[in-house]
There are 2 protein chains.
Amino acid sequence: MARPLASIRNPNLRESIKEAAWRQIGVSGASSLSLRSIARDLGISAPAIYNYFTDRDALVTALVLDAYLSFGDSQHAAKEKFTGEGDVAKRFMETGIAYREWAIANPHRYLLIFGTPVPGYVPPMEELQPAMMRSMGALAEVVAELHHRGMLNAGGIPLFDPEACFFPSGQCPTPDDLLIYSVSMLIWCRVHGLVSLEVTGKLPPFGPRGDALYRYELEAMLREFVIRD
Amino acid sequence: MARPLASIRNPNLRESIKEAAWRQIGVSGASSLSLRSIARDLGISAPAIYNYFTDRDALVTALVLDAYLSFGDSQHAAKEKFTGEGDVAKRFMETGIAYREWAIANPHRYLLIFGTPVPGYVPPMEELQPAMMRSMGALAEVVAELHHRGMLNAGGIPLFDPEACFFPSGQCPTPDDLLIYSVSMLIWCRVHGLVSLEVTGKLPPFGPRGDALYRYELEAMLREFVIRD
DNA sequence: AAAATAATTTTACAGTGTAAATTTACACTG
DNA sequence: CAGTGTAAATTTACACTGTAAAATTATTTT
């Protein structure tokens with residue numbers, strides 16, 4: 001028998017494959033993701049997956065995109081939690097805290113995006129960039145707001161090369177944008193340092209006090225980059 | 001024929017295996033490390049490796065230990081570059097810059113230590129801890145010196161849990177040590193954020209200006225944590 | 001010289017991704 | 001309605017992987 005079951009009792013195989021993949025990743029980590037065991041889970045044959053994803057890498061890319069979506073949602077939701085005029089600093093803190101909380105709640109997803117957990121996988125940047133830009137957008141919007149209110153104190157930070165960075169629709173970024181993106185990137189680097197080490201279990205000494213350390217770092221950034229009152 | 005060649009024409013197989021492993025890692029990354037292809041390189045059979053390493057994981061651990069050694073050497077060398085009384089800040093900068101330079105010169109080694117590049121490998125912490133402590137020790141010594149000279153301004157930072165942290169010889173750390181280690185850890189987190197993203201190619205916009213950004217971060221830490229003059 | 005031990009080999013098994021050929025189910029068209 | 005074409009699966013096959021077991025050989029010890 002050769003094409004009887006799958007697409008009938010499973011009308012949306014593409015999604016089911018991704019679900020099975022997440023299930024596996026949740027159990028044994030992204031490193032041990034296996035097309036064959038996904039196929040076993042779904043009661044189909046391994047090469048059948050190639051009808052929905054050209055590659056193992058294509059599947060991983062789809063998973064990364066999903067992860068970015070979920071991550072971006074949580075970032076934007078956090079940013080929109082406080083909508084008051086004077087709540088910019090609160091929005092910053094809220095976005096920052098949501099970053100870590102999402103990562104701790106979804107360690108495998110976090111590592112899939114920001115780590116290198118799948119053996120030979122090299123992420124296709126041009127394909128992932130929109131999703132990445134969107135998820136980073138929440139932070140960038142907060143920084144932009146700070147800048148527009150004249151609260152951004154980041155004159156000394158190095159700006160990145162506008163050539164080396166693909167901007168949406170290939171437009172040349174304004175100096176303001178350049179500043180905003182550079183500050184956002186720097187903040188992201190600091191946040192990522194802590195969170196990635198925590199998620200990979202390499203920050204053991206702090207244990208439950210990871211919260212406090214993380215909060216301290218966010219507040220240090222407020223002190224360094226934000227002019228208040 | 002069964003035991004003629006290897007140990008005769010290759011008197012130090014254990015080292016040769018590691019060398020071949022590094023060679024492979026240098027070419028195609030740590031993710032595609034393969035005992036079989038190491039064996040092919042050396043003209044021996046794959047199971048022969050099991051005489052020198054109980055596991056693929058044991059081999060990886062040996063590689064990690066070597067990487068820590070090289071990394072620690074470069075850290076301590078940088079720290080001892082300036083020996084003057086008033087050169088503490090210089091020592092800090094030098095150690096920080098050496099951190100990034102070593103990582104960029106040895107990206108695979110860096111990822112082997114601080115990333116998760118080998119599929120199912122889970123690092124045996126108790127075995128790696130001495131090497132890790134030693135390599136982190138250079139930074140800790142700089143921070144300790146700052147503290148002893150009364151130049152450390154880090155009153156507000158959260159201290160980590162002394163229980164959760166294995167200290168050398170199981171001794172209870174003094175409050176001073178607790179502060180020194182906590183500050184060092186925090187500095188390490190920040191440094192690691194930047195460097196790990198740069199090494200994995202996830203910090204493209206800055207390109208050649210990565211230097212400037214990194215320097216800025218080191219100087220920001222001096223401003224934040226160090227009382228000068 | 002004989003026995004013991006240690007190093008190495010071959011063989012084997014269970015797993016992986018994926019290419020190729022093959023079979024089947026379904027939708028159209030004549 | 002029969003026939004064809006296409007798309008979705010399947011089976012088969014290949015080249016890999018780590019590693020367990022058994023067999024073989026070299027060296028060391030008795």
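Because the structure is a prediction, the values reported are computed rather than measured. Residue numbering restarts at 1 for every chain, and letters A, B, ... go by the order of the sequence lines.
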side-chain N/O [X] vs [N] OP1/OP2, d < 4.0 Å:
{"X": "B/Ser34", "N": "D/dG18", "result": "yes"}
{"X": "B/Tyr52", "N": "C/dT8", "result": "yes"}
{"X": "A/Tyr50", "N": "D/dT10", "result": "no"}

Euclidean distance, atom [atom1] of residue [X] to atom [atom2] of [N] [Å, nearest integer]:
{"X": "A/Asp55", "N": "C/dG17", "atom1": "CG", "atom2": "P", "value": "11 Å"}
{"X": "B/Leu42", "N": "C/dT9", "atom1": "CG", "atom2": "P", "value": "11 Å"}
{"X": "A/Ile17", "N": "D/dA8", "atom1": "CD1", "atom2": "P", "value": "12 Å"}
{"X": "B/Leu13", "N": "C/dA6", "atom1": "CG", "atom2": "P", "value": "17 Å"}
{"X": "A/Arg36", "N": "D/dA13", "atom1": "CZ", "atom2": "P", "value": "13 Å"}
{"X": "B/Leu35", "N": "C/dG15", "atom1": "CG", "atom2": "P", "value": "19 Å"}
{"X": "B/Ile49", "N": "D/dT19", "atom1": "CD1", "atom2": "P", "value": "10 Å"}
{"X": "B/Arg56", "N": "D/dT17", "atom1": "CZ", "atom2": "C1'", "value": "10 Å"}

Assert: residue with more 5' nearest nucleotide on DNA chain C, out of A/Thr54 and A/Arg40, is A/Arg40
Base, sugar-phosphate or nothing for A/Leu33? Non-hydrogen atoms, less than 4.0 Å.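 Sugar-phosphate only.
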May I ask you to decide whether A/Lys79 forms a salt bridge with A/Glu94, counting only side-chain N to carboxylate O separations under 4.0 Å? no
Between A/Glu217 and A/Arg190, does any side-chain N to carboxylate O distance fall below 4.0 Å? no
Test: A/Arg109 cationic atom under 6.0 Å from A/Trp102 six-membered ring centre, within 45° of axis: no
B/Arg14 to B/Tyr52, cation-pi by 6.0 Å centre distance and 45° axis angle: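 Verdict for B/Tyr52: no cation-pi partner in B/Arg14.
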By nearest atom, which of the nucleotides C/dT10, D/dT10, D/dA9 is closest to the A/Asn51 side chain? D/dA9
Within 6.0 angstrom of A/Arg134 CZ, more than 12 heavy atoms from elsewhere: yes
Please name the nucleotide paired to C/dT29 by Watson-Crick or G-U wobble geometry with both distances under 3.5 Å, or report none. D/dA2
